[in-house]
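See below for the structure under consideration.
Sequence lines set the chain letters: A, B, ... in the order given, protein chains first and strands last, and positions in each chain run from 1.
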Amino acid sequence: MTADLPAPERMLTGRTVYRVVWKLNTDVLVGYCWCGAPHESEDPIELWEWLLAHPDQHDDASGEGGSDAPAPSDQRELVSR
Amino acid sequence: MPSWPLNQWYVAAYSREITDGLLGRTICGEPLVFYRTSDGEVVALADRCVHRRYPLSLSHLKDDQIICGYHGFTYDRTGGCVAAPGQKRIPRTARVPAFEVREVDSLVWVWIGEQDRVDDALLPRAPWLDSPDYTTVRGMEPLQARYGLLVDNLMDLSHETYLHGGYIGTPEVAETPITTEVDEDARVVYVSRHMADAACPPFYARSTGIEGRITRWQDIEYHPPCLYLLHSRIAPVGVEPPADGPDDRAFHVEVVYAITPETEHSTHDFWMVARDFALEDQEVSDFLAENNRTVVLQDVVALDVLEQVVEGEKENYQELSINIDTGGLAARRLLAAMVKDGEEQPAPVTAR
């Protein structure tokens with residue numbers, strides 16, 4: 001198995017990039033909204049539903065995209081190849 | 001409403017397919033006729049004479065005009081009728097729709113939808129296809145399956161291990177986790193699978209000459225609805241791209257698909273393989289062309305069967321999605337959003 005590989009470098013550079021990676025050595029997917037908020041799931045459909053619903057909460061300070069989330073620029077500024 | 005997005009560019013043909021003759025091809029349910037004028041411009045018109053519906057692609061081309069092979073109605077490059085048989089008066093409605101085309105990167109694109117909404121900014125690019133730094137082999141296979149099945153197929157390369165074993169599939173492909181990114185604004189899906197220590201499939205061993213295990217990267221860039229790019233990097237194990245300077249110890253293969261719906265149940269499967277090594281080696285070109293066509297036909301056989309299964313089961317079938325489907329699910333969702341956008345617009349220009 002090659003699950004110990006580091007995650008591939010980020011590719012897309014837009015301002016509203018959703019990103020889903022596999023948690024190493026597990027079947028868990030970790031999704032990141034473009035605001036930086038993460039969510040874990042073993043079901044890609046459930047994960048996409050969460051990600052796509054998440055921007056609705058961006059104006060809600062108590063939501064997951066609020067102060068507990070990493071600063072957006074830390075998560076969404078992607079490195080080009 | 002159609003299952004494909006309207007007001008989008010679709011690949012209609014390779015540049016070399018359109019010469020001084022008439023090429024008939026249905027794109028997104030639109031029967032079209034293509035030809036190249038004496039000044040090199042590509043023309044696309046609805047492939048039906050306005051008089052009795054005879055296909056213009058089965059007619060005659062003379063002086064950059066199509067003369068209908070049935071009664072002689074004659075059309076210029078704008079679709080306007082310039083001659084009708086036996087009379088001087090040309091009916092006011094004697095016109096066939098003309099479609100906007102663009103020729104770029106050795107591909108001929110046609111705009112399907114409202115012709116006054118054409119948007120060059122939506123034209124995706126594949127510049128290596130006609131770059132002197134690459135050599136490209138290509139083909140096109142008719143697929144008797146809906147285009148969405150080909151999108152599913154190409155977004156999940158795990159199937160290489162099973163459907164294409166002995167050609168491009170090795171165990172590591174299905175075993176290596178992927179990373180998926182979606183840019184909502186730009187409407188692009190990126191699926192990345194980097195294998196650090198993998199078997200070298202014959203497809204690459206024979207073409208690159210690498211012996212032993214490889215670092216194999218697969219980076220998919222899908223620009224829905226039509227253009228699919230697979231950036232493939234092959235290098236001996238441990239050879240990483242340098243921090244600066246050219247990645248010249250690796251071999252790069254750009255696999256390109258144009259996924260063009262023909263009808264609701266058939267697809268034009270354009271495939272291209274561009275490489276940045278052995279540029280003048282005809283033996284390598286022949287090998288890659290033959291082997292890639294074999295791989296494409298393996299997909300065609302499988303998807304033709306799948307179309308029958310899906311069609312037979314209509315709305316009742318159940319499917320299961322797992323982690324490898326993350327990118328494919330993202331592509332489906334973007335396509336659905338684009339189809340919905342198209343539905344909100346007035347009806348497209350169609351032949352009357």
Side-chain angles (χ1 to χ4, degrees), chain A residues 1-58 65 70 72-81, chain B residues 155-156 170-199 213 215-223 229 231 233 237 240-241 243 247 250 252 319-334 336-337:
Chain A
M1 282 293 293
T2 53
D4 289 330
L5 281 175
E9 59 191 302
R10 298 176 178 190
M11 298 297 177
L12 299 180
T13 56
R15 300 293 293 178
T16 55
V17 172
Y18 297 103
R19 188 161 193 262
V20 180
V21 299
W22 291 32
K23 202 168 186 175
L24 292 181
N25 301 312
T26 74
D27 288 338
V28 176
L29 296 171
V30 186
Y32 295 92
C33 178
W34 51 264
C35 74
H39 182 74
E40 292 189 3
S41 178
E42 291 191 0
D43 178 354
I45 293 178
E46 188 273 334
L47 183 59
W48 277 122
E49 287 174 350
W50 184 91
L51 285 170
L52 297 169
H54 192 260
D56 296 339
Q57 305 169 36
H58 286 162
S73 61
D74 290 340
Q75 293 289 340
R76 69 188 186 198
E77 291 298 338
L78 305 180
V79 179
S80 61
R81 206 163 39 151
Chain B
M155 293 304 290
D156 172 24
T170 69
E172 295 84 2
V173 177
E175 290 175 0
T176 306
I178 57 173
T179 293
T180 304
E181 296 177 349
V182 179
D183 187 327
E184 286 279 302
D185 294 339
R187 284 183 161 161
V188 57
V189 181
Y190 211 111
V191 177
S192 183
R193 175 184 270 121
H194 288 190
M195 294 160 269
D197 185 354
R213 294 177 69 81
T215 295
R216 184 179 184 188
W217 289 7
Q218 296 175 327
D219 293 293
I220 296 168
E221 197 177 326
Y222 175 48
H223 298 264
L229 313 173
H231 311 292
R233 178 183 184 275
V237 168
E240 296 290 320
D247 185 20
H252 300 90
E319 64 174 10
L320 171 69
S321 292
I322 61 172
N323 288 0
I324 58 172
D325 301 306
T326 304
L329 291 169
R332 285 186 186 181
R333 203 192 59 77
L334 275 186

Rounded to the nearest 0.5 Å, how far does [atom2] of [Y] lie from [atom1] of [X]?
X: B:D185; Y: A:L12; atom1: CG; atom2: CG; value: 11.5 Å
X: A:W22; Y: B:I324; atom1: CH2; atom2: CD1; value: 7.0 Å
X: B:D325; Y: A:I45; atom1: CG; atom2: CD1; value: 8.0 Å

Sort and list the pairs that fulfil salt bridge (charged side-chain N to carboxylate O under 4.0 Å, His left out) and have at least one residue in residues 42-52 of chain A, not counting sequence neighbours. none
Name the one of A:V21, A:V20, A:V17 that satisfies side-chain contact (heavy atoms from CB on, under 4.5 Å) with B:E181?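 Per the side-chain contact (heavy atoms from CB on, under 4.5 Å) rule, the option paired with B:E181 is A:V17, out of A:V21, A:V20, A:V17.
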Nearest heavy atoms of B:I322 and A:P44, plus distance in Å: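 Shortest heavy-atom separation between B:I322 and A:P44 comes out as O-CG, 3.2 Å.
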Going by side chain to side chain contact (heavy atoms under 4.5 Å, CB included), name the residues that satisfy it together with B:R333, two or more places apart in sequence or in a different chain.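 For B:R333, the residues satisfying side chain to side chain contact (heavy atoms under 4.5 Å, CB included) (neighbours in sequence not counted) are A:L52, B:E184.
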Is it true that a side-chain atom of B:N323 and a backbone atom of A:D27 form a donor plus acceptor pair closer than 3.5 Å? yes
Give, as side chain, backbone, both or neither, the part of B:A198 having an atom under 4.5 angstrom from any heavy atom of chain A. neither
Under 4.5 Å between any side-chain heavy atoms of A:W48 and B:T180, yes or no? yes
